[in-house]
S.K.: 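This is the structure I want to talk about, given as structure tokens.
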Amino acid sequence: MPLTINRRIALLLFVIAAIYLFLSFQLPNYPYAPIDADVIPKGLGILMIILSIFLFFSKAIETEAEKEKRNIPKKELLVLLAVFAMIFLYILLFEIIGFVIMTSVFIFSVRGF
């Protein structure tokens, strides 16, 4: 089987999902909660593993047009990097500044892009 881009992405997603699922099983259990805090993370981890397996075995054939779509212009790459930097700053400053202020600053700054 040739290792296409879909299979590479599927393998990467599978590894990320496995680590995520392992960490979700490390969440503490609460004895008096009927639905515990780990239900959603475990469900998302299992769903991501299933979807990555489906992606790995999908029969989609990669055309030249699809390969061309993957080429990102440098201007758009800079915008993506700026947004990722803003997301990182949002995560870092979220607890310090607070939800309302940090979220509004984030939304208004990203909206400019």
S.K.: Which salt bridge (Lys or Arg N to Asp or Glu O under 4.0 Å) pairs, counting each pair once, include a residue from residues 92-109, with sequence neighbours left out?
M.R.: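 Passing the test, one end in residues 92-109: no pairs.
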S.K.: What is the minimum heavy-atom distance between Leu89 and Met102, and which atoms define it?
M.R.: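 The answer is O-CE, 4.3 Å.
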S.K.: With sequence neighbours excluded, tell me which residues meet side chain to side chain donor-acceptor pair (under 3.5 Å) with Asp38.
M.R.: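 Side chain to side chain donor-acceptor pair (under 3.5 Å) check on Asp38 returns Lys42.
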S.K.: Are side-chain heavy atoms of Leu51 and Leu55 found at a separation under 4.5 Å?
M.R.: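 Side-chain contact under 4.5 Å: no.
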S.K.: Of all heavy-atom pairs between Asn6 and Ser58, which one has the smallest distance, and what is that distance?
M.R.: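 The pair with the smallest heavy-atom distance is ND2-OG, 4.1 Å.
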S.K.: Going hydrophobic residue to hydrophobic residue with side-chain gaps under 4.5 angstrom, can you get from Leu12 over to Ile9?
M.R.: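 Looking at the clustering, Ile9 is in the same group as Leu12.
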S.K.: Shared ILVMFWY cluster between Phe54 and Phe14, side chains joined below 4.5 angstrom?
M.R.: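 Result: yes, single cluster for both.
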S.K.: Might you point out which heavy atoms bring Ala10 and Phe56 nearest each other, and give the distance in Å?
M.R.: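 Taking every non-hydrogen atom into account, CB-N, 3.6 Å.
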S.K.: Hydrophobic clustering (ILVMFWY, side-chain heavy atoms < 4.5 Å, transitive) - are Ile19 and Ile46 grouped together?
M.R.: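 No, Ile46 does not connect to Ile19 through the hydrophobic network.
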S.K.: Please check if atom CD1 in Ile35 has more than 12 non-hydrogen atoms from other residues, nucleotides or ligands closer than 6.0 Å.
M.R.: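 No, because the 6.0 Å sphere around CD1 of Ile35 holds 12 heavy atoms or fewer from other groups.
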S.K.: In this structure, would Leu44 and Ile49 fall into the same cluster of hydrophobic residues linked by side-chain contacts under 4.5 Å?
M.R.: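 Different clusters: Leu44 never reaches Ile49 through Ile, Leu, Val, Met, Phe, Trp or Tyr contacts under 4.5 Å.
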S.K.: Can you run down the side-chain hydrogen bond (donor to acceptor under 3.5 Å, both in side chains) pairs that involve residues 74-89, sequence neighbours left out, and say none if there aren't any?
M.R.: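 Matches after skipping sequence neighbours: none remain.
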S.K.: Could you go through the side-chain contact (heavy atoms from CB on, under 4.5 Å) check for Val105 and Ile97 one step at a time?
M.R.: CA-CA 10 Å; Val105 167; Ile97 296 176; over 6 Å; no
S.K.: Distance-only criterion, 3.5 Å: show the donor-acceptor pairs between side-chain atoms of residues 24-33 and protein atoms not counting sequence neighbours.
M.R.:
from  : atom 1 : to    : atom 2 : distance (Å)
Ser24 : OG     : Leu21 : O      : 2.7
Gln26 : NE2    : Phe22 : O      : 3.4

S.K.: Determine, using the 4.5 Å side-chain heavy-atom cutoff (strictly less than), whether Val100 and Ile96 are members of one ILVMFWY cluster.
M.R.: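 The answer is yes; both residues are in one hydrophobic cluster.
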S.K.: Which pairs with one or both residues in residues 72-112 pass ring-ring contact (aromatic ring centres under 6.0 Å, His included), sequence neighbours excluded?
M.R.: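 Residue pairs passing ring-ring contact (aromatic ring centres under 6.0 Å, His included), neighbours aside: Tyr90-Phe94, Tyr90-Phe106, Phe94-Phe99.
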S.K.: Would you list the pairs meeting salt bridge (Lys or Arg N to Asp or Glu O under 4.0 Å) in which at least one residue belongs to residues 102-113, sequence neighbours left out?
M.R.: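 Every pair satisfying salt bridge (Lys or Arg N to Asp or Glu O under 4.0 Å) with a residue in residues 102-113: there are none.
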S.K.: Which distance, rounded to the nearest 0.5 Å, do you find between the CG of Leu13 and the CE of Met48?
M.R.: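 It is 4.5 Å, given to the nearest 0.5 Å.
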S.K.: CD1/Ile87 to CG/Leu92 distance, rounded to the nearest 0.5 angstrom?
M.R.: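 It is 12.0 Å, given to the nearest 0.5 Å.
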S.K.: Do side-chain atoms of Ser104 reach the backbone of Ile101 as a donor and acceptor pair under 3.5 angstrom?
M.R.: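 Side chain of Ser104 to backbone of Ile101, a donor-acceptor pair under 3.5 Å: yes, one is there.
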